[in-house]
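What follows is a set of notes on a single structure, which appears directly below.
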4 protein chains.
Amino acid sequence: LSANSFGNLFKVTSFGESHGVALGAVIEGCPAGLEVDLEFLHAEMNRRRPGFHGDPTQAVTSARVEKDQVEILSGVFEGKTLGTPIAMIVRNEDQRSRDYDQIKQLARSGHADDVWKAKFGHSDHRGGGRSSGRETVSRVMAGAVAKMLIKKLSPELQLRSYVSGIGEIAVSPSEVENFQSGSESCEAHLLRMPSSKNKDALELLKKAQVIGESFGGEVSTLVQGAPAGLGQPVFHKLKADLAQAMLSIGATSGFEIGDGFLASEKLGTKFHTDSKSRVYGGLRGGISTGENIFFKVSFKPTSSILDVAKRGRHDPCIVIRATPVVEAMTALVLADHLLWQRLDRV
Amino acid sequence: LSANSFGNLFKVTSFGESHGVALGAVIEGCPAGLEVDLEFLHAEMNRRRPGFHGDPTQAVTSARVEKDQVEILSGVFEGKTLGTPIAMIVRNEDQRSRDYDQIKQLARSGHADDVWKAKFGHSDHRGGGRSSGRETVSRVMAGAVAKMLIKKLSPELQLRSYVSGIGEIAVSPSEVENFQSGSESCEAHLLRMPSSKNKDALELLKKAQVIGESFGGEVSTLVQGAPAGLGQPVFHKLKADLAQAMLSIGATSGFEIGDGFLASEKLGTKFHTDSKSRVYGGLRGGISTGENIFFKVSFKPTSSILDVAKRGRHDPCIVIRATPVVEAMTALVLADHLLWQRLDRV
Amino acid sequence: LSANSFGNLFKVTSFGESHGVALGAVIEGCPAGLEVDLEFLHAEMNRRRPGFHGDPTQAVTSARVEKDQVEILSGVFEGKTLGTPIAMIVRNEDQRSRDYDQIKQLARSGHADDVWKAKFGHSDHRGGGRSSGRETVSRVMAGAVAKMLIKKLSPELQLRSYVSGIGEIAVSPSEVENFQSGSESCEAHLLRMPSSKNKDALELLKKAQVIGESFGGEVSTLVQGAPAGLGQPVFHKLKADLAQAMLSIGATSGFEIGDGFLASEKLGTKFHTDSKSRVYGGLRGGISTGENIFFKVSFKPTSSILDVAKRGRHDPCIVIRATPVVEAMTALVLADHLLWQRLDRV
Amino acid sequence: LSANSFGNLFKVTSFGESHGVALGAVIEGCPAGLEVDLEFLHAEMNRRRPGFHGDPTQAVTSARVEKDQVEILSGVFEGKTLGTPIAMIVRNEDQRSRDYDQIKQLARSGHADDVWKAKFGHSDHRGGGRSSGRETVSRVMAGAVAKMLIKKLSPELQLRSYVSGIGEIAVSPSEVENFQSGSESCEAHLLRMPSSKNKDALELLKKAQVIGESFGGEVSTLVQGAPAGLGQPVFHKLKADLAQAMLSIGATSGFEIGDGFLASEKLGTKFHTDSKSRVYGGLRGGISTGENIFFKVSFKPTSSILDVAKRGRHDPCIVIRATPVVEAMTALVLADHLLWQRLDRV
């Protein structure tokens with residue numbers, strides 16, 4: 001029983017409050033002998049971070065500057081994993097609750113501060129505590145190690161999440177075809193959106209930032225080259241674990257595998273004979289078939305918009321920052337199931 | 001680690017193959033002293049069963065007759081739970097693999113038989129084994145006990161799932177308003193669809209059965225009167241556990257809480273100030289607020305359509321039968337979190 | 001969280017009350033493709049059973065006749081495991097609570113009836129419910145499957161438990177040397193005690209049965225040919241899991257690995273240089289070294305002695321019947337760790 | 001699945017290598033609103049530490065100086081727990097592997113270095129990594145919080161571990177009677193041994209240190225005032241969880257509850273009628289009865305003795321330092337079961 005642990009074999013425990021001493025993750029179940037690529041780890045952390053140099057989204061994301069230097073406390077020795085728990089932390093640079101003292105009085109609309117307070121009796125009112133987006137630091141750290149493991153166990157596997165919708169601007173499947181068949185990550189695209197519409201989206205967000213508006217959005221994930229056989233029926237089907245992973249991220253409101261809700265409107269005779277499509281999302285019976293795995297996650301409009309007058313700049317669409325988090329959670333699920341597969345047969 | 005167990009404190013282990021000896025469920029963690037209502041248990045089983053007397057859907061669901069008499073093997077004594085594991089089984093009346101011998105040769109399109117075979121090396125080809133819809137017998141049995149526990153712990157809580165879409169026929173929110181404010185279950189409605197459009201839907205399905213067509217669909221769930229504080233951040237937020245529960249059901253392709261994917265297109269200023277709506281789905285920060293909880297699940301078109309010529313009648317839209325399963329899984333999640341809440345405070 | 005599940009990867013859920021409908025076990029995590037030897041399964045069940053034909057202990061064990069026919073409900077198809085949960089049950093032949101109606105009134109000394117009642121509020125007073133020795137039916141069933149898996153994964157491994165003490169009669173290490181180096185099970189020996197003293201012990205127990213006396217005892221286990229590397233530090237060291245397994249058996253009062261409490265009195269210079277001995281018990285750092293694994297379990301005197309006047313014949317020393325249970329629990333631990341070892345390295 | 005987590009509801013994840021960056025513990029499942037007593041936490045850490053000022057054992061314990069300043073990273077805000085994971089670390093002051101470079105070549109007898117290396121392929125040879133006694137830092141930190149929770153939930157409960165044997169010097173039950181009925185901790189006694197024999201023991205150990213000898217020993221634990229009903233049959237009986245907890249500690253070789261192995265030699269008519277004794281150890285059916293809980297743990301002679309020539313001073317008997325660790329693990333088990341009890345009844 002653990003509300004803050006994720007995974008079955010590759011298990012991550014996340015800890016830390018937004019304005020506490022540190023955020024951290026402990027990975028249990030990472031096999032011994034995995035080479036740990038620190039440069040990659042830091043690059044992944046940078047992707048999560050708002051406002052870093054070279055971030056195409058920096059113009060429109062939250063102004064809080066975070067340095068997020070990861071310190072590995074255990075589990076790695078001479079560049080390789082030991083088979084013992086890997087503990088990693090990122091210190092919160094600025095723990096002064098100064099900016100948040102006034103918040104103590106007023107609940108922020110759309111935020112969960114009051115809900116936490118009601119539930120636990122005692123809560124950390126400074127910037128949301130663990131309901132803050134900052135909690136995703138732990139997920140991205142752990143996800144980076146999961147990616148290293150995936151690369152080792154299944155070198156062909158390519159995992160990429162990207163922004164596929166901002167407000168009413170949606171990326172059509174044909175637009176991302178190049179992206180899908182190539183090997184580039186979403187970082188190459190403005191707003192992490194692989195579509196020529198991303199310039200319009202940027203305009204939209206810039207304006208939103210000025211007038212105090214926000215938008216929901218959508219993140220899509222494509223996994224190419226995954227082996228067949230991932231997923232453990234009946235309760236840990238790959239789609240079930242992905243759905244849990246995605247809906248555990250803040251501000252998410254939906255999950256679709258393959259054709260998703262669109263599938264519900266299709267004729268069976270068309271749906272099941274659609275030769276080249278992603279209608280199934282790469283799974284049958286909840287188990288990967290070796291085809292491309294495809295799923296989408298929807299996000300609500302940012303709620304901090306409402307307090308913008310009080311708090312200055314805000315992030316008008318969370319999906320740009322959420323993309324690396326979606327990718328990290330996907331990596332956690334895949335690493336977990338790559339290990340689990342070792343137990344399938346005698 | 002257990003692929004066939006669901007839940008954290010109220011934990012269900014499901015077992016049994018479609019054409020094996022029996023289907024079953026073992027519930028661990030049900031507190032002692034709960035009165036067990038056998039009549040209710042059997043009524044719930046009847047709702048899951050196709051073709052029973054009085055089923056408004058019998059005209060259009062699969063022809064296989066299942067009696068599904070539950071036998072409680074343990075955990076209940078003199079009408080009350082003992083605090084020990086509650087084991088329940090339903091025997092498969094007809095285990096003859098006769099009808100399925102030919103299937104051994106040909107993989108059924110859209111089914112998972114070949115995927116299982118590839119994964120485990122050895123598989124039960126008779127009617128899908130555990131990838132069969134029959135596996136949901138275990139879920140409905142366990143869900144019935146979960147409902148009894150919910151009724152005891154949170155008497156105000158009303159839980160109802162219903163068919164909200166069949167192919168392109170969708171039920172509008174205003175149509176279900178009566179349903180939502182009343183206390184009737186979906187059983188009162190033709191096709192479990194609380195809308196006057198259900199007659200059109202019935203015509204559609206009857207025709208589909210003749211011409212060998214099938215449709216996807218959508219099941220909605222409304223929970224009224226749930227206490228605030230359900231859900232355990234960050235990985236067992238209520239929406240995360242619901243998403244896993246729903247995507248563990250066969251043929252599902254999507255999950256939406258509150259406004260779901262629609263939320264991704266909305267303006268923040270509208271979304272967060274929508275006073276009377278279900279935009280959040282009754283949760284904030286993944287924790288129930290005491291408001292109505294609302295979510296939807298999408299289902300793919302039935303795949304057995306493709307083999308209809310070989311196999312006779314078929315079920316042209318799975319959502320009618322899936323509705324009690326969605327309700328059962330919801331009950332499992334709620335029972336689990338009602339217990340978990342006991343551990344929140346010192 | 002599950003009080004009635006044991007194991008990490010090879011996980012057993014035990015259910016059933018002594019005088020309920022059935023006892024059962026569900027095994028999750030047994031890999032697919034394992035051949036299931038039904039004859040062996042039934043032979044193991046017979047070893048547990050008191051009073052069966054050919055049982056050298058029948059003269060001195062409890063008079064209750066149990067047939068214990070195992071029915072496999074799921075998880076096995078065409079003689080092999082499917083990778084799905086293996087559910088097995090044994091029906092209780094005689095569920096009439098007649099004999100136990102009087103017990104309802106008076107708590108049986110040394111038994112746990114009153115403790116269960118105080119804890120759960122509601123309890124099954126008929127023959128102890130789940131605190132009865134009959135609960136071990138589930139353990140022996142599951143242990144038999146674990147042994148099949150061990151035989152497949154580690155064919156050299158030999159696992160044998162035997163009675164090494166009854167009251168003050170103890171088996172010296174030299175006496176069991178033949179037993180250890182051979183391959184026979186304890187069944188070949190009167191009272192499952194591989195020592196010429198077993199005749200004296202039999203006399204002792206026969207007399208005890210007449211005069212209403214009982215004795216405690218000791219069961220030893222020797223594992224030969226186990227691979228090195230079993231055990232997962234720091235909380236699932238092999239000795240930790242064995243200790244939990246053993247102390248979960250009713251009437252146990254102690255566990256020793258290797259030299260056990262004797263080690264506490266030894267000089268380090270002697271202890272650590274003892275070249276040929278079992279001082280470490282085959283483990284270092286809680287991990288198997290490839291040497292013989294050796295441990296002992298102590299049992300309290302049978303408590304039912306106290307009510308003998310009311311209830312007729314009794315079992316004056318529980319260790320004879322407990323030996324197959326100790327062996328079964330050992331098999332569960334070993335099977336679990338043989339699988340876990342697959343996850344050690346990248 | 002997690003080899004480095006302990007507990008069911010009050011769950012501790014331990015991490016850190018002996019000569020790595022830090023040792024740490026993450027507690028999941030500690031309810032919100034518990035006041036955290038930092039002074040007590042540090043006092044507990046000091047008890048574990050060798051060589052601190054005022055330690056009656058300092059003359060005879062290992063020379064390595066450890067400051068062990070605990071830093072709480074999360075889960076506590078304004079002096080109270082938040083209901084979120086509590087992460088705590090202690091940095092290793094001296095991470096220089098200098099002293100241990102030579103060890104890389106030669107395996108230390110009795111240590112587990114070679115076993116770890118064989119198991120995981122890659123291991124931390126510096127001072128044992130996680131097989132070092134230093135790993136207990138995590139246990140004592142977590143145990144201190146567990147004690148705070150116990151004090152809140154069950155104020156009458158008194159938990160005390162003490163040294164009851166060093167080599168052949170044993171503390172008789174009558175000698176500790178005062179200790180048991182009083183409220184003092186073992187700290188008041190030389191060598192943590194509540195017996196006048198402790199002076200002889202000190203002489204023995206001083207001599208051992210000079211001549212390069214070591215001794216095994218025994219730690220006893222007495223719990224007074226625990227509520228009835230702790231323990232969850234059948235696999236998490238209190239004795240089973242205590243046995244796992246104890247045998248997870250390094251150098252342990254045995255566990256006895258109540259009369260332990262002595263019980264195996266007793267007559268049932270005497271044993272079960274022994275009115276005032278601890279024969280049952282405070283449990284029946286694995287569940288606490290409200291009487292005193294009593295158990296013992298045995299430890300092997302220190303193995304580092306063998307390398308003493310190479311390494312200077314050594315600890316000739318581990319039990320003095322192990323006593324706070326036994327107490328901490330006991331606290332973890334009790335805290336866990338105090339919470340679990342909340343789930344017993346409807």
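As a basis for the values below, the full set of heavy atoms in this structure was taken, side chains included, without hydrogen atoms, waters or symmetry mates. Each chain gets a letter, A, B and so on, in the order its sequence line appears, and its residues count up from 1.
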Quiz item: Between the side chain of B:S288 and the main-chain N/O of B:G229, is any donor-acceptor distance below 3.5 Å?
Solution: yes

Quiz item: Distance-only, no hydrogens or angles: does the A:N4 side chain make a donor-acceptor pair with backbone N or O of B:V234 under 3.5 Å?
Solution: yes

Quiz prompt | Selection from B:A243, B:G250, B:P227 maximising heavy-atom pairs under 4.5 Å formed with chain A | solution = B:A243

Self-check item: Interface moiety of A:T252 toward chain B, non-hydrogen atoms closer than 4.5 Å
Solution: both

Quiz item: For the candidates A:E218, A:E168, A:Q341, which exhibits the highest count of non-hydrogen atom pairs separated by less than 4.5 Å from chain B?
Solution: A:E218

Quiz item: Quick one: of B:S253, B:G254, B:A263, who has the most non-hydrogen atom pairs under 4.5 Å with chain A?
Solution: B:S253

Self-check item: Aromatic plane relationship, B:W340 with B:H337 - under 30° parallel, 30 to 60° tilted, over 60° perpendicular
Solution: parallel

Self-check item: Between A:Q244, A:R130, A:K237, A:E135, the one whose heavy-atom pairs under 4.5 Å with chain B are most numerous
Solution: A:Q244

Practice problem: Check each atom of B:F6 against the heavy atoms of chain A and say whether the ones under 4.5 Å are side chain, backbone, both or neither. | Solution: both

Quiz prompt | Nearest heavy-atom neighbours spanning B:I293 and B:A226 | solution = CD1-CB, 4.0 Å

Quiz item: For A:A228, is it the side chain, the backbone, both or neither that has a heavy atom under 4.5 Å from a heavy atom of chain B?
Solution: neither

Quiz item: Does the side chain of B:I27 come within less than 4.5 Å of B:T13's, by heavy atoms?
Solution: no

Exercise. Using non-hydrogen atoms and a 4.5 Å limit, figure out which bit of A:R345 sits close to chain B: side chain, backbone, both or neither.
Key: side chain

Quiz item: Quick one: of A:S248, A:S264, A:G290, who has the most non-hydrogen atom pairs under 4.5 Å with chain B?
Solution: A:S264

Quiz item: Rounded to the nearest 0.5 Å, what separation is found between the CG atom of A:L238 and the CZ atom of A:R284?
Solution: 14.0 Å

Quiz item: Side chains of A:V325 and A:V140: closer than 4.5 Å at any heavy-atom pair?
Solution: yes

Quiz item: Hey, what's the ring geometry for A:F271 with A:Y280, parallel, tilted or perpendicular (30° and 60° as the breaks)?
Solution: perpendicular

Self-check item: NZ/NE/NH1/NH2 to OD/OE distance under 4.0 Å, A:K266 and A:D259
Solution: yes

Quiz item: Heavy-atom distance under 4.5 Å to chain A: side chain of B:K11, backbone, both or neither?
Solution: neither

Quiz item: Between A:G121, A:S14, A:A118, A:P233, which residue shows the highest count of heavy-atom pairs closer than 4.5 Å to chain B?
Solution: A:P233

Quiz item: Backbone N or O of A:V333 within a donor-acceptor pair of the A:D241 side chain at under 3.5 Å?
Solution: no

Quiz item: So what's closer than 4.5 Å to chain B heavy atoms on A:K239: side chain, backbone, both or neither?
Solution: both

Quiz item: Is there a side-chain contact (heavy atoms from CB on, under 4.5 Å) between B:F295 and B:E256 once you walk through the steps?
Solution: CA-CA 5 Å; B:F295 62 86; B:E256 294 187 326; over 6 Å; no

Self-check item: Under 4.5 Å from any heavy atom of chain B - which part of A:A245
Solution: neither

Quiz item: Most heavy-atom pairs under 4.5 angstrom with chain B, which of A:V115, A:I169, A:N8, A:V319?
Solution: A:V115

Exercise. Evaluate the criterion side-chain contact (heavy atoms from CB on, under 4.5 Å) for residue pair A:L283 and A:L230; output intermediate values, then yes/no.
Key: CA-CA 9 Å; A:L283 312 180; A:L230 300 181; over 6 Å; no

Practice problem: Flag the one option from A:G258, A:S2, A:A170 with the top tally of heavy-atom pairs under 4.5 Å to chain B. | Solution: A:S2

Quiz prompt | Heavy-atom proximity to chain A below 4.5 Å, by part of B:A251 | solution = backbone

Quiz item: What part of A:V346 gets closer than 4.5 Å to chain B, counting heavy atoms only: side chain, backbone, both or neither?
Solution: neither

Exercise. Please flag which part of A:I249 lies under 4.5 Å from any non-hydrogen atom of chain B: side chain, backbone, both or neither.
Key: backbone

Self-check item: Side chain / backbone / both / neither for A:F215 at chain B, heavy atoms under 4.5 Å
Solution: both

